[in-house]
Amino acid sequence: MKLYVGNLAFSTSAEDVRALFEQAGAVGSCDLMSDKFTGQSRGFAFVEMESAQEGAQAIQRFNEFELNGRRLVVNEARPREARPGGFGGGFASGFGGGGGSAGRGPSGGAGAPGGFGAKRKSGKGSRRNARSAKRDRKACW
């Protein structure tokens, strides 16, 4: 049974969490979540108990338990929700028009009209971007 352990102090280590939950039964794994850039703890962990009975006992015993000055929140872990993947935005086009033809084939376009990276028919996007860039340069003087 996989458990969510929340409200951990940032100073709490994975070994501390594992040692605590081993009091309730055999621990399969203990994953303390940390920030991928700074490496600092994000304040929660996932603990996998060997059996459902040990997991239920750990929830009953350690929910609202105080560890390193913080009251723990212990629940059965929910499955991860599907999140939209990809790079950045939700719209296929609409940012600028025009541009070079680097790697886009002989015509310079990127495929079907209105598709990702397709050129805008009006071409107003590139003019708008140029105007706003000029206005921003003037504001710096």
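These values consider heavy atoms only, across backbone and side chains, with no hydrogens, waters or symmetry-generated copies.
Here the side chains of Ser41 and Leu32 are in contact, with some heavy-atom distance below 4.5 Å.
Atom-to-atom distance recorded for Arg18:CZ and Leu20:CG is 12.5 Å, nearest 0.5 angstrom. Within the model, atoms CE of Met49 and CD of Glu76 stand 12.5 Å from one another, a figure rounded to the nearest 0.5 Å. The structure places SG of Cys30 at 8.0 Å from CD of Glu15, a figure rounded to the nearest 0.5 Å. In this structure, Phe21 CZ and Leu3 CG are separated by 6.0 Å, a value rounded to the nearest 0.5 Å. Atom CZ in Phe44 sits 10.5 Å away from atom CG in Asp31 (nearest 0.5 Å). In this structure, CE on Met1 lies 11.0 Å from CD on Glu48, to the nearest 0.5 angstrom.
Looking at Val73, Asn68, Asp16, Leu67 one by one, the single match for side chain to side chain contact (heavy atoms under 4.5 Å, CB included) with Leu8 turns out to be Leu67.
Counting heavy atoms of neighbouring residues, nucleotides and ligands inside a 6.0 Å radius, atom CD of Glu50 exceeds 12 of them. Atom CD of Gln60 sits in a sparse spot, with 12 or fewer heavy atoms from other residues, nucleotides or ligands closer than 6.0 Å.
When hydrophobic clusters are built by joining Ile, Leu, Val, Met, Phe, Trp and Tyr residues whose side-chain heavy atoms come closer than 4.5 Å, directly or via intermediates, Val27 is grouped together with Phe65.
Arg42 places no side-chain N or O within donor-acceptor distance of the main-chain N or O of Asp35, the cut-off being under 3.5 Å. Side-chain atoms of Asn75 never come within 3.5 Å of backbone atoms of Tyr4 as a donor-acceptor pair (strictly under, hydrogens ignored). Not a single donor-acceptor pair under 3.5 Å links the side chain of Arg70 to the backbone N or O of Gly43.
The two residues Val74 and Ile59 have their closest heavy-atom pair at O-CG2, 3.8 Å.
Legend: residues meeting side-chain hydrogen bond (donor to acceptor under 3.5 Å, both in side chains) with Glu66, ordered by chain and number and at least two apart, are absent.
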